[in-house]
Amino acid sequence: MGQSQPSIITPSLLLLLLLFVILGCRRADARSAFACGGGATGNLPFCRQTLPIRARVRDLIGRLTLDEKVRLLVNNAAGVPRLGIGGYEWWSEALHGVSNVGPGVHFGGKFPGATSFPQVISSAASFNASLWELIGRVVSDEARAMYNGGQAGLTYWSPNVNIYRDPRWGRGQETPGEDPTIAGRYAAAYVRGLQQPYGGRSGYYRLKLAACCKHYTAYDLDNWKGNDRYHFNAKVSKQDLEDTFDVPFKACVVEGKVASVMCSYNQVNGVPTCADPNLLRNTIRSEWGLDGYIVSDCDSVGVMYNSQHYTSTPEEAAADAIKAGLDLDCGPFLAQYTEGAMKQGKLSQMDVDNALTNTLTVQMRLGMYDGDPSRQQFGNLGPQHVCTQAHQNLALEAARQGIVLLKNQANALPLSRSHYRNIAVIGPNSDATVTMIGNYAGVPCRYTSPLQGIANYARTIHQVGCTNVACSGNQPIEAAVVAASKSDATILIMGLDQSIEAEAIDRVGLLLPGRQPELVTKVAAASKGPCILVLVCGGPVDISFAKNDPKISAILWAGYPGQAGGAAISDIIFGAFNPGGKLPMTWYPQQFVEKVPMTNMNMRPNPSEGYPGRTYRFYKGPVVYPFGHGLSYTRFTHSISQAPSELTVRLDGRKAGSENSTMLNSLIRVTHAKCEGLIMPIHLDVKNEGDWDGSHTVLVFSRPPSSSSDHSPPQKQLVGFEKVQVFAKSQTRVTLNIDVCKDLSIADNNGIRRIPIGEHSIQIGDLSHSLTLKAETLAI
Ligand SMILES: *[C@@H]1O[C@H](CO)[C@@H](O)[C@H](O)[C@H]1NC(C)=O
Ligand SMILES: *[C@@H]1O[C@H](CO)[C@@H](O)[C@H](O)[C@H]1NC(C)=O
């Protein structure tokens, strides 16, 4: 054999190699500076943290060529290497946990997953605003940690706060429901949690993340009977816009101080929202004072030219969008056509600079021009801050709080572990994992499926009954019936998934799909013990058959409960947690969708056309379960301990000069009233009469005076809500402050906010309290 060759890898080479490996790893999991990382460009004025952000932005824009500028108008923004600026992907998502739906987020390596909270419709069902903010804060920590590790961005296009107008909407699951007050509160709370503004020197609050409220506005149809969102023209009255569709967006901007708003694909009254200066420039930016950027939905500038043929050239579409107030395009369109639009004189340099000012300011507020991210605020956040036990516990807690007990015949629930040792677990969602996280999800830390959760409490006999949620054709129903007949109790886990309701998929009916009802009915009939129906779905289903079936003892709506959903469901079934969720949307019967076209945007009924109106605010017809419905294992009662029965609305004499005396006696323009401090405090005692500790949500509705009936106001409107924890056999006091101008005003027929003078009826459960508003003109 040949002589042994001396190894070419000498110790010093080995060391060098090792160093390369270590440095290589460093590079892979720590983000280097996006800009201003040192070198020659690090001293330019736009990098100087001592200068006001405004001045830094101006300096930077002054250095950019037109070519460089237009390539910053799109989500996949090109770098400017000569100025030491990297490329940036604006599109990241974090609807209910860091999500990889957008190209800005990558799981893997040191970040294999992130905490997956319940889908938003489920979190909304908790009616717990502090929970919403807390979830936002946790997501913010995990997102910032992933940014530091080079696997996520800082700009998140969440939350979705469109009103859940029609029960068929495939994206209703992403929203906080049908009520504008809740949606507004949710928007502000979640955005505060995600953004966590700090500082405030140099003219602007700094941001931990930049959130985005989407999709502005009147977007709540994806694809229904040949009508799709890319072509749909939503015909919306000024009144519905003011008191329904715009409410959550206004709260998001004004109260949540969001850093971004996204315009939608659809047109509103013939104009694409992303090309409507009235919506973008006037409403969002001027009236509400957005301090941030406006982004298009993905490819929606292209859509207005290619699909809607709204403009005759692509340059016109680019110009219309930017002039309307759009600052950033999700899609390549603006990078392709903006220069041409300028050459054709449709757009000025100033228009483009204004757009860039809005996006670059947000990047600066995020610290992207402050050099090495590891040396900045939040620079310490890393992989050890993602999927922590505390975060996963909050995902479980949120899932428990979001589950709604719809029916509990003869207190069948909770099941006692000692009585029910063998449980038949049946249904297409019985061992659900990915179904539980709904859409706009990421990769969760782990899952607990319903079957796994139940197995922690009892011996299980598992039969799917339906092999998938569509449940058509041959199905193993008989085996499920046999399992139920042999067990002490039966838990059916039915519902929907993203094959039935999703982005681009609206439903046509509200019934459980295929043979699911048959499975439920047969299994219930064969069950030896109690039969519990659990619905895993985002949208409402017409389960009247189960509601009316005495063999079905209890019904739970679990929504899409997130990674810990199965644990939460079983904790409720076996009494480790007392349910307190309430429905954030009306559960209509199937007949509703048979007579109401999804394309009819009107919230208000039109009796002459047989149109019944929408949501608990306007619809008076039969329901399967009403908005706000939700039972508990205990019994709560309330009484008003103190609330004013009369308040005076003072008019600002100068502004109210144009109000004539008729108006004075009935409806006062909000802009003419002295609103500051005009609140109605309601002190309420909530009593837990039962044997279980529990949480109760107080819902305060108001019904405006009959003097406003010419303006078809809502039959009632939620004006306040508060969740309180009350121990068994004890009582607690809660105070709600109702803002007269904001909450007790109505939108008149022209969409103008007015305060109805006269008797408002305040309703809390079965209590009713009368509040009389009087008007008084101030001397000038
Ligand atoms: C007062 O205003 C109402 C509502 O705008 C209008 O119908 C009425 O004609 C006005 N009356 C007078 C005297 O101007
Ligand atoms: C609201 O959620 C938070 C966070 O989980 C929880 O600590 C609090 O008890 C909840 N409030 C009520 C009244 O249940």
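Quick note: residue numbers are just sequence positions, from 1.
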(message) Once rounded to the nearest 0.5 Å, what's the spacing between atom CE of Met603 and atom CG of Asp240?
(response) 6.5 Å

(request) Test the Lys582-Phe127 pair against the cation-pi criterion, namely NZ or CZ under 6.0 angstrom from the six-membered ring centroid and within 45° of the ring axis. (result) no

(request) Given salt bridge (Lys or Arg N to Asp or Glu O under 4.0 Å), test Arg168 with Asp166 step by step and report yes or no. (result) CA-CA 5 Å; Arg168 289 162 282 197; Asp166 189 291; 2.7 Å; yes

(message) Any donor-acceptor pair under 3.5 Å linking the side-chain atoms of Gln173 with those of Tyr440?
(response) no

(message) Side chains of Asn688 and Ser730: any donor to acceptor distance under 3.5 Å?
(response) no

(request) Examine the side chains of Gln401 and Asn128 and answer whether a donor and an acceptor come within less than 3.5 Å of each other. (result) yes

(request) Using distance alone, with no hydrogens and no angle criterion, decide if Gln409 and Ser553 have a side-chain donor and acceptor under 3.5 Å apart. (result) no

(request) Verify the distance criterion only: is there a donor paired with an acceptor across the side chains of Gln563 and Gln392 at less than 3.5 Å? (result) yes

(message) Do Val541 and Leu535 have side chains that approach each other closer than 4.5 Å (heavy atoms only, starting at C-beta)?
(response) yes

(request) Would you give the length of the straight line joining atom CD1 of Ile543 to atom CD1 of Ile552, rounded to the nearest 0.5 angstrom? (result) 8.5 Å

(message) Taking salt bridge (charged side-chain N to carboxylate O under 4.0 Å, His left out) as the cut-off, I'd like each qualifying pair that reaches into residues 552-576, sequence neighbours left out, listed once.
(response) Arg400-Asp571

(message) List the residues meeting side chain to side chain contact (heavy atoms under 4.5 Å, CB included) with Ser706, not counting sequence neighbours, and say none if there are none.
(response) none

(request) Go through the steps for Cys675 and Val670 under the test side chain to side chain contact (heavy atoms under 4.5 Å, CB included), then give the verdict. (result) CA-CA 8 Å; Cys675 290; Val670 166; 4.0 Å; yes

(request) Say whether Asn162 and Glu174, considering side chains only, have a donor N or O and an acceptor N or O under 3.5 Å apart. (result) no

(message) Given 3.5 Å as the limit, does a donor-acceptor pair link the side chain of Ser430 with the main chain of Gly427, or not?
(response) yes

(request) Would you give the length of the straight line joining atom CD of Glu501 to atom CG of Asn439, rounded to the nearest 0.5 angstrom? (result) 8.5 Å

(message) Under 3.5 Å, is there a donor on one side chain and an acceptor on the other for Asn393 and Gln389?
(response) yes

(message) I need the Ile182 CD1 to Ile163 CD1 distance, nearest 0.5 Å.
(response) 9.5 Å

(request) Decide whether Glu178 and Thr586 meet the rule of one side-chain donor and one side-chain acceptor closer than 3.5 Å. (result) yes

(message) When you compare the side chain of Ile764 with that of Ile640, does any pair of heavy atoms fall below 4.5 Å?
(response) yes

Distance-only check: which donor-acceptor pairs under 3.5 Å involve side-chain atoms of residues 676-684, not counting sequence neighbours?
residue : atom : partner : partner atom : Å
His683  : ND1  : Thr735  : OG1          : 2.8

(message) Quick check on Lys687: does its NZ atom have over 12 non-hydrogen neighbours (other residues, nucleotides or ligands) under 6.0 Å away?
(response) no

(request) Could you list the residues that satisfy ring-ring contact (aromatic ring centres under 6.0 Å, His included) with His629, not counting sequence neighbours? (result) Tyr625

(request) Return the set of residues passing salt bridge (Lys or Arg N to Asp or Glu O under 4.0 Å) with Asp179 (not counting sequence neighbours), or none when no residue passes. (result) none

(message) Please report whether the ring centroid of His696 lies less than 6.0 Å from that of Phe636.
(response) yes

(message) Are Ile532 and Leu492 packed together at the side-chain level, in the sense that at least one heavy-atom pair is separated by less than 4.5 angstrom?
(response) no

(message) Determine whether the aromatic ring centres of residues Trp132 and Tyr190 are separated by less than 6.0 angstrom.
(response) no

(message) Nearest 0.5 Å, please: how far is NZ in Lys716 from CD1 in Ile762?
(response) 12.5 Å

(request) Can you sort out the partners of Asp488 under side chain to side chain contact (heavy atoms under 4.5 Å, CB included), two or more places apart, ordered by chain and number? (result) Tyr420, Arg421, Asn422, Lys528

(request) Using distance alone, with no hydrogens and no angle criterion, decide if Asp693 and Gln725 have a side-chain donor and acceptor under 3.5 Å apart. (result) no

(message) So, using salt bridge (Lys or Arg N to Asp or Glu O under 4.0 Å) as the criterion, who are the partners of Arg459 when residues are at least two apart?
(response) none

(message) I need the Ile746 CD1 to Ser709 OG distance, nearest 0.5 Å.
(response) 9.0 Å

(message) Looking only at the side chains, is there a donor atom on one of Ser770 and His760 sitting less than 3.5 Å from an acceptor on the other?
(response) no

(request) For Cys531, enumerate each residue passing the disulfide bond (SG atoms under 2.5 Å apart) test, keeping only those at least two apart in sequence or located in another chain. (result) none

(request) Scan Thr490, Leu413, Ile491, Leu415 and name whichever one has a side chain to side chain contact (heavy atoms under 4.5 Å, CB included) with Pro530. (result) Leu415

(request) State, without any angle test, whether Gln717 and Ser702 hold a side-chain donor-acceptor pair at a distance under 3.5 Å. (result) no

(request) Taking the side chain as every heavy atom from C-beta outward, state whether Leu744 and Leu771 have any atom pair closer than 4.5 Å. (result) yes

(request) Would you please name every residue forming a side chain to side chain contact (heavy atoms under 4.5 Å, CB included) with Ser122, sequence neighbours left out? (result) Pro118

(message) Using a 6.0 Å cut-off, check whether atom CG of Asp766 has over 12 heavy atoms from anything other than its own residue.
(response) no

(message) Tell me every residue that passes salt bridge (Lys or Arg N to Asp or Glu O under 4.0 Å) with Asp691, counting only those two or more places apart in sequence or in another chain.
(response) Lys729

(request) Verify whether one side chain among Thr634 and Ser632 offers a donor that lies under 3.5 Å from an acceptor in the other. (result) no

(request) Please step through salt bridge (Lys or Arg N to Asp or Glu O under 4.0 Å) for the pair Asp243 and Arg617, ending with a clear verdict. (result) CA-CA 11 Å; Asp243 72 3; Arg617 296 161 62 226; 3.7 Å; yes

(request) Using the test salt bridge (Lys or Arg N to Asp or Glu O under 4.0 Å), find all partners of Arg165 that sit at least two apart in sequence or belong to another chain. (result) Asp220

(request) Give the C-alpha distance, both sets of side-chain angles, the deciding distance and a yes or no for side chain to side chain contact (heavy atoms under 4.5 Å, CB included) between Val698 and Phe721. (result) CA-CA 5 Å; Val698 177; Phe721 63 95; over 6 Å; no

(request) Would you please name every residue forming a side chain to side chain contact (heavy atoms under 4.5 Å, CB included) with Ala188, sequence neighbours left out? (result) Arg192, Glu255

(message) Taking NZ in Lys250 as the centre, count heavy atoms belonging to other residues, nucleotides or ligands within less than 6.0 Å. Is the count above 12?
(response) no

(request) Please assess Arg185 against Glu722 for the test salt bridge (Lys or Arg N to Asp or Glu O under 4.0 Å), listing each intermediate value before the final yes or no. (result) CA-CA 11 Å; Arg185 213 42 199 275; Glu722 203 60 54; 3.7 Å; yes

(message) Looking at Asp739 and Lys742, would you say the former's side chain and the latter's main chain have a donor-acceptor pair under 3.5 Å?
(response) yes

(request) Grab the two heavy atoms, one from Val523 and one from Ala484, that are nearest each other, plus how far apart they are. (result) CG1-CB, 3.7 Å

(request) Sort out for me which residue in Trp557, Tyr164, Phe627 forms a ring-ring contact (aromatic ring centres under 6.0 Å, His included) with Trp587. (result) Trp557

(request) Measure the shortest side-chain to side-chain distance between Ile461 and Val425 over non-hydrogen atoms and say whether it is less than 4.5 angstrom. (result) no

